[in-house]
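Take a look at the structure set out below.
These values consider heavy atoms only, across backbone and side chains, with no hydrogens, waters or symmetry-generated copies.
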Amino acid sequence: MLGLDADRLRADLNRLLAFLFHQGILDEQYLQLQQLQDESSPNFVSEVVNIYFHESEKLLRNLRSLLMDREFSDYDKMGIHLNQFIGSSSSIGAKRVRNVCVAFRAASDQSNRAGCLRALELLEHEYCILKNKLHELFQIEQQRLLAAGVRYPMLN
């Protein structure tokens, strides 16, 4: 019984991953990240992704704060935040988030406040999709491991 449930959950996990790749939410860098996970670090991917979420939320707050300032003109500072977001998103394979950051950076380089505001809204939307889907992925993985009799600590 446990094996069948674990097999079903593995299939669910594979379907969700395939969907995330097909939709361009993730790219091959995510698979490379998964390859770094092993028995000695069974939570590696979720730990790295949780750090990414924490840092991304700070970056999103900083970007929103900059753009909400009516006297805003420091596009260089915005560019620094965006470069950090681009790099961290690339490192976990968050393809759509990275692509939005690149477009956001282009608007910032042109000092296009309206373009930056639109890009920020799209970035927040894409980030939310990514976060929800990765949390779903990690929940399925945890259920699969529990069904297989493996202990896996709960994520925040």
Side-chain angles (χ1 to χ4, degrees), residues 3-67 78-109 112 115-156:
L4 293 176
D5 200 31
D7 290 343
R8 182 189 56 79
L9 289 165
R10 168 56 73 194
D12 291 347
L13 193 66
N14 289 337
R15 272 192 296 278
L16 180 55
L17 264 176
F19 171 81
L20 296 175
F21 282 97
H22 179 72
Q23 293 295 310
I25 294 169
L26 295 177
D27 65 19
E28 63 282 344
Q29 183 61 37
Y30 185 81
L31 295 176
Q32 291 179 11
L33 188 64
Q34 282 185 316
Q35 290 175 351
L36 298 174
Q37 183 166 292
D38 59 19
E39 296 81 30
S40 67
S41 56
N43 305 321
F44 180 78
V45 174
S46 62
E47 289 169 1
V48 169
V49 169
N50 278 330
I51 292 167
Y52 168 81
F53 288 152
H54 179 73
E55 293 303 313
S56 295
E57 286 168 19
K58 282 197 283 189
L59 290 169
L60 285 168
R61 279 192 303 275
N62 291 341
L63 290 166
R64 179 154 294 285
S65 176
L66 284 171
L67 280 170
M78 183 174 290
I80 290 168
H81 292 313
L82 288 167
N83 285 342
Q84 290 173 333
F85 217 151
I86 290 167
S88 61
S89 297
S90 294
S91 72
I92 69 154
K95 182 179 179 179
R96 281 195 346 207
V97 169
R98 181 189 56 82
N99 290 346
V100 172
C101 286
V102 169
F104 194 160
R105 178 63 202 246
S108 176
D109 287 346
N112 178 349
C116 287
L117 285 166
R118 284 190 303 274
L120 177 60
E121 287 198 21
L122 184 56
L123 178 57
E124 289 172 333
H125 175 76
E126 289 297 336
Y127 172 78
C128 186
I129 291 170
L130 174 71
K131 187 172 183 178
N132 289 336
K133 291 299 181 186
L134 287 179
H135 276 300
E136 182 181 347
L137 190 74
F138 294 147
Q139 286 175 341
I140 293 170
E141 177 66 7
Q142 180 175 351
Q143 291 170 2
R144 185 189 70 77
L145 291 172
L146 288 172
V150 177
R151 301 290 288 160
Y152 194 76
M154 191 65 179
L155 304 173
N156 315 21

Heavy-atom pair with the smallest gap, counting every atom of Gln34 and Leu17: NE2-CD1, 4.0 Å
Taking all non-hydrogen atoms of both residues, which atom of Ser108 and which atom of Leu82 are closest, and how far apart? CB-CD1, 4.1 Å
Quick one: closest heavy-atom pair of Leu67 and Leu117, and the distance? CB-CD2, 3.9 Å
How about Leu130 and Arg96: do any of their side-chain heavy atoms sit closer than 4.5 Å? no
Note, His125 side chain near Glu121 side chain (heavy atom, < 4.5 Å): no
4.5 Å side-chain heavy-atom contact, Tyr30 and Leu134: yes
Go through the steps to decide whether Glu136 and Asn132 satisfy the test side chain to side chain contact (heavy atoms under 4.5 Å, CB included), and finish with yes or no. CA-CA 6 Å; Glu136 182 181 347; Asn132 289 336; over 6 Å; no
Which heavy atom of Gln29 sits nearest to which heavy atom of Ser90, and what is that distance? CG-O, 3.0 Å
Basic-acidic side-chain contact under 4.0 Å: Glu124, Lys131: no
Heavy atoms, side chains only, cut-off 4.5 Å: are Lys95 and Leu26 in contact? no
Could you tell me whether the side chain of Glu55 reaches within less than 4.5 Å of the side chain of Phe85, counting heavy atoms only? no
CA sep, side-chain torsions, deciding dist, call: Arg64, Leu60, side chain to side chain contact (heavy atoms under 4.5 Å, CB included): CA-CA 6 Å; Arg64 179 154 294 285; Leu60 285 168; over 6 Å; no
Please name the pair of heavy atoms, one in Lys133 and one in Leu20, separated by the smallest distance, quoted to 0.1 Å. CB-CD2, 3.5 Å
Side chain to side chain, Asp38 and Phe44, heavy atoms closer than 4.5 Å: no
Side chain to side chain, Gln37 and Asn43, heavy atoms closer than 4.5 Å: no
Exam field: side chain Ser88 to backbone Gln84, donor-acceptor pair closer than 3.5 Å: yes
Is there side-chain contact between Asp12 and Arg144, with at least one heavy-atom pair below 4.5 Å? no
Does this structure show an ion pair linking Arg10 with Asp7, if we count only N-O contacts that are shorter than 4.0 Å? no
Side chains of Ser89 and Tyr127: is there a donor and an acceptor less than 3.5 Å apart? no
Taking Ile92 as the fixed residue, which of Ile51, Val97, Leu33 is the one that meets the side chain to side chain contact (heavy atoms under 4.5 Å, CB included) rule? Leu33
